[in-house]
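Some notes on the structure that comes next.
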Amino acid sequence: MVGFEEVTGFLVQAVSEPVKMGWVVFGVLLLLVIVFSIKHFLDIAVDMWKIPLAVIVDAVDLLAYNKPYLDIAAALGAFVLFWVFAKRGHHMSKLFAILAAGEALVGVWIFPQYAFITNLLPLSTILMFISVWSH
């Protein structure tokens, strides 16, 4: 069995040897990669709370097959979701607001013959994933 003194002696010997410059550079680069990975993950995690709201808007749009008031509610919800929750200076979210609201209104109001297709398309959720991952 290995004693505590032997392990301590091994660690003291390993730590007291001179370190090559390559290992220092590698350690600093590895630390930077880890820090930037954590930053990127946390930036995405901060905006993930918006995705369930987009799913709710798509669910209302799905329920709006023959109910025009739900199409209006889905269009308003999509518009508010993307327009109001857009990050400052992020113009893609404003474009996404117009696209998602337009897709919700296609159901009963604009092209009723295509309502069965557009109501099944989860456009708000797809656009919200793009919005969250693009930041």
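Please read these numbers as outputs of a predicted model, since none were measured by experiment.
Not counting sequence neighbours, the partners of Leu62 by the side-chain contact (heavy atoms from CB on, under 4.5 Å) test are Leu120. A search for salt bridge (charged side-chain N to carboxylate O under 4.0 Å, His left out) contacts involving Lys39 returns Asp43, not counting sequence neighbours. Under the side-chain contact (heavy atoms from CB on, under 4.5 Å) criterion, Ile34 pairs with Leu30, Ile38, not counting sequence neighbours. With sequence neighbours excluded, the residues satisfying side-chain contact (heavy atoms from CB on, under 4.5 Å) with Leu123 are Glu103, Leu121, Leu127. Residues forming a side-chain contact (heavy atoms from CB on, under 4.5 Å) with Ala73 (at least two apart in sequence, or on another chain): Val60.
Note: Met48 CE to Trp133 CH2 = 6.5 Å, rounded to the nearest 0.5 Å. Atom OG of residue Ser93 and atom CD1 of residue Ile130 lie 11.0 Å apart, to the nearest 0.5 angstrom. Atom CG of Leu81 and atom CD1 of Ile56 lie 9.5 Å apart (nearest 0.5 Å). Going from atom CH2 of Trp83 over to atom CG of Leu95 covers 9.5 Å, rounded to the nearest 0.5 Å. For the atom pair CG (Leu63) and CG (Leu70), the distance works out to 6.5 Å, reported to the nearest 0.5 Å. Atom OG in Ser131 sits 13.5 Å away from atom CD1 in Ile126 (nearest 0.5 Å).
Hydrophobic clustering places Phe96 together with Trp49 (ILVMFWY residues linked when any side-chain heavy atoms are closer than 4.5 Å, directly or through intermediates). Under a hydrophobic-cluster definition in which Ile, Leu, Val, Met, Phe, Trp and Tyr are linked whenever side-chain heavy atoms come within less than 4.5 Å, directly or via other members, Val84 and Ile51 are assigned to the same cluster. At a threshold of 4.5 Å between side-chain heavy atoms, the hydrophobic network of Ile, Leu, Val, Met, Phe, Trp and Tyr places Val33 and Phe36 in two separate groups.
Of all heavy-atom pairs spanning Phe82 and Ser124, the tightest one is CZ-O, 3.4 Å. The two residues Val57 and Ala74 come nearest to each other via the heavy atoms CG1-O, 3.5 Å. A pairwise comparison of heavy atoms in Asp71 and Asp61 identifies OD1-OD1, 3.3 Å as the closest pair.
No donor-acceptor distance shorter than 3.5 angstrom exists from the side chain of Asp47 to the backbone of Val132, with no hydrogens or angles considered.
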